[in-house]
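Below you'll find the structure, written out as structure tokens, and then a few comments.
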Amino acid sequence: MKFQVSLLYQGGRACGTSCLKALGKVNKRGIPMNAVILTLFLGQVSLITNFISPDKVFIWLTSIAGFITLLGWFGSYLSHYKFRKWLVKNGGSVDKLKFRMRTYPIPIILCLFALITIAIYTAYSPDTRFSFYIGVPMLILYFIVSTYLHKKGKINDPSYKPFLDAQ
């Protein structure tokens, strides 16, 4: 039960901060209810499809989750690396950040290398290759849809200015 609550919270927060503006609207308690309802709905769709074809649905869901997890960590490390480069380029100082990394960028580069190695093994191994058959088209679809929605002004743009102002 704790795991499901954690996923619901993460899904709601992720959609509430970086997805469609409609999903980012919060109620008076600060909860992005539209994002939470969407996350619950998708969970229910997953549950219902499990009754239709349990063996295929399990493989699809674990493949999608594995690919998204790998992609999420890769994106996190890459954005961490690029943010620090951007901060220095725009006059900021990494020494004034609350979370310092003394050996930067070595750990980030090592983690990115490890994730690329895992991705290559995942694509190469017949047992795990299916995640790429599902994940890559979903990634392309996500990119197309988010590019379209961004051009229409329906996605919140992140603001990095507070990081410079805090220096």
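FYI, the numbering just counts along the sequence from 1. Please read these numbers as outputs of a predicted model, since none were measured by experiment.
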> Measuring from F67:CZ to T128:OG1, what's the distance to the nearest 0.5 Å?
Replying inline: 12.0 Å

> At what distance, to the nearest 0.5 angstrom, does CG of L115 lie from OG1 of T69?
Replying inline: 11.0 Å

>> Is there a path of hydrophobic side-chain contacts, each under 4.5 Å between heavy atoms, that joins W86 and V88?
In response: yes

>> Does atom CE (M101) have a neighbourhood of more than 12 heavy atoms from anything else shown, all under 6.0 Å?
In response: yes

>> Return the CG to CG distance between N34 and N27, rounded to the nearest 0.5 Å.
In response: 9.5 Å

>> Just to verify, which of R84, H80, K82 counts as forming a side-chain contact (heavy atoms from CB on, under 4.5 Å) with I108?
In response: H80

> Looking only at atom types and distance, does a side-chain atom of S125 sit under 3.5 Å from a main-chain N or O of T122, one as donor and one as acceptor?
Replying inline: no

>> For the backbone of G72 and the side chain of S76, can you confirm whether one donor and one acceptor N or O come within less than 3.5 Å of each other?
In response: no

> Could you state the interatomic distance from CZ (F74) to CD1 (I118), rounded to the nearest 0.5 Å?
Replying inline: 11.5 Å

> Taking all atoms of both residues into account, what is the closest heavy-atom pair of A123 and R129, and its distance?
Replying inline: O-NE, 2.9 Å

> Are I116 and I106 connected in the hydrophobic side-chain network, where two residues link if heavy atoms are under 4.5 Å apart?
Replying inline: no

>> Can you tell me how far apart SG (C111) and CH2 (W73) are? Round to the nearest 0.5 Å.
In response: 8.5 Å

> So if you build clusters from Ile, Leu, Val, Met, Phe, Trp, Tyr with side-chain heavy-atom gaps below 4.5 Å, do V145 and I140 land together?
Replying inline: no

>> For residues F113 and I120: do they belong to one hydrophobic cluster (side chain heavy atoms under 4.5 Å, members Ile, Leu, Val, Met, Phe, Trp, Tyr)?
In response: no

>> Would you compute the distance between atom OH of Y142 and atom CD1 of I68 and round it to the nearest 0.5 angstrom?
In response: 10.0 Å

> Y81 vs Y104 aromatic rings, parallel, tilted or perpendicular, using cut-offs 30° and 60°?
Replying inline: tilted

> Same cluster for Y77 and L71 if Ile/Leu/Val/Met/Phe/Trp/Tyr side chains link at under 4.5 Å?
Replying inline: no

